[in-house]
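The chain is numbered in sequence order, starting from 1. Please read these numbers as outputs of a predicted model, since none were measured by experiment. When reading the values below, keep in mind they use all heavy atoms of this one structure, side chains included, and skip hydrogens, waters and symmetry mates.
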Amino acid sequence: MSKKILFIYNANSDTGSKMLDFAHKIVSPTTYNCNLCSLTHGNFTEKKQWKTFRERLLAEGYELEFFHKDEFQESYKSKFGHAFTYPIILEETDYDLEVLVTTEKLNAFEGVEELISSVGSASFQ
């Protein structure tokens with residue numbers, strides 16, 4: 001089993017996009033298009049419950065990578081030809097990228113607890 005988990009946000013990494021996303025999250029959080037970001041981060045910092053879980057994954061030997069969608073597409077374009085929807089959580093194996101948590105499932109989560117439960121059950125099997 002691979003121990004590398006990729007978290008890909010439905011946001012771009014350029015400064016303009018980051019500023020618009022920040023404002024959108026505050027002004028209209030219910031229409032913000034990256035539930036992964038909303039679940040793991042408040043308006044200014046990483047949520048404590050998520051940070052504790054993330055640190056637990058690291059302590060268990062998992063390698064975690066966090067990408068904006070443009071960073072992911074650039075980093076993995078030559079290695080894997082998949083077209084994913086975002087946000088998404090993937091697991092990198094020796095041969096491929098496997099979906100750990102789908103976009104649809106991420107978008108349906110209403111709290112960080114659901115995210116932690118889903119990632120935790122898939123990771124600690």
Side-chain angles (χ1 to χ4, degrees):
M1 175 177 84
S2 172
K3 287 195 160 224
K4 185 173 186 179
I5 302 173
L6 311 175
F7 298 83
I8 301 99
Y9 297 103
N10 189 26
N12 287 316
S13 62
D14 62 276
T15 303
S17 293
K18 286 180 181 178
M19 291 175 68
L20 284 173
D21 286 342
F22 174 76
H24 192 171
K25 255 177 88 172
I26 292 172
V27 173
S28 185
T30 59
T31 63
Y32 184 60
N33 64 357
C34 185
N35 205 37
L36 178 58
C37 183
S38 297
L39 292 166
T40 60
H41 290 77
N43 290 334
F44 299 102
T45 61
E46 186 176 26
K47 291 181 179 177
K48 186 176 180 178
Q49 191 174 2
W50 173 251
K51 182 178 180 181
T52 299
F53 176 72
R54 183 181 53 74
E55 290 170 346
R56 178 177 163 220
L57 287 173
L58 292 170
E60 293 285 332
Y62 285 85
E63 181 182 348
L64 309 178
E65 289 193 45
F66 296 85
F67 294 96
H68 292 90
K69 65 183 176 184
D70 61 322
E71 297 166 330
F72 171 76
Q73 290 165 342
E74 181 64 29
S75 294
Y76 283 85
K77 70 179 177 185
S78 62
K79 189 172 182 182
F80 301 99
H82 301 295
F84 294 107
T85 56
Y86 306 102
I88 195 165
I89 301 174
L90 305 170
E91 178 180 30
E92 185 175 322
T93 68
D94 291 336
Y95 308 105
D96 207 352
L97 293 175
E98 296 181 12
V99 176
L100 198 61
V101 183
T102 66
T103 299
E104 295 75 22
K105 197 169 185 180
L106 277 169
N107 287 336
F109 292 156
E110 294 183 14
V112 70
E113 301 82 11
E114 292 172 283
L115 173 62
I116 290 170
S117 176
S118 186
V119 173
S121 66
S123 302
F124 296 115
Q125 292 182 4

**Request:** Report yes if the side chains of Ile8 and Phe84 come closer than 4.5 Å at any heavy-atom pair, otherwise no.
**Result:** no

**Request:** Kindly indicate whether the side chain of Leu39, heavy atoms from C-beta on, has any atom under 4.5 Å from the side chain of Trp50.
**Result:** no

**Prompt:** Thr40 and Phe66: side chain to side chain contact (heavy atoms under 4.5 Å, CB included), yes or no, with the steps?
**Reply:** CA-CA 12 Å; Thr40 60; Phe66 296 85; over 6 Å; no

What is the minimum heavy-atom distance between [X] and [Y], and which atoms define it?
X      : Y      : answer
Phe72  : Leu90  : CZ-CD1, 3.7 Å
Leu58  : Tyr62  : CD2-O, 3.4 Å
Glu98  : Thr93  : OE2-CG2, 3.5 Å
Phe109 : Val101 : CE1-CG1, 4.0 Å
Ser75  : Phe67  : OG-CE2, 3.8 Å

How many angstroms lie between [atom1] in [X] and [atom2] in [Y], if you round to the nearest 0.5 Å?
X      : Y      : atom1 : atom2 : value
Leu36  : Leu106 : CG    : CG    : 5.5 Å
Lys3   : Leu57  : NZ    : CG    : 9.5 Å
Thr52  : Glu46  : OG1   : CD    : 9.0 Å
Leu115 : Glu110 : CG    : CD    : 13.5 Å
Thr102 : Ile88  : OG1   : CD1   : 7.0 Å
Glu71  : Tyr9   : CD    : OH    : 10.5 Å

**Fill in**
Residues passing the side-chain hydrogen bond (donor to acceptor under 3.5 Å, both in side chains) test with Thr103, sequence neighbours excluded, are Thr85

**Message:** Heavy-atom count check: over 12 atoms from other residues, nucleotides or ligands less than 6.0 Å from Lys105 NZ?
**Reply:** no

**Item:** Exercise: do Lys69 and Asn12 side chains pair donor with acceptor under 3.5 Å
**Value:** no

**Message:** Just to verify, what does Glu65 make a salt bridge (Lys or Arg N to Asp or Glu O under 4.0 Å) with, not counting sequence neighbours?
**Reply:** Lys4

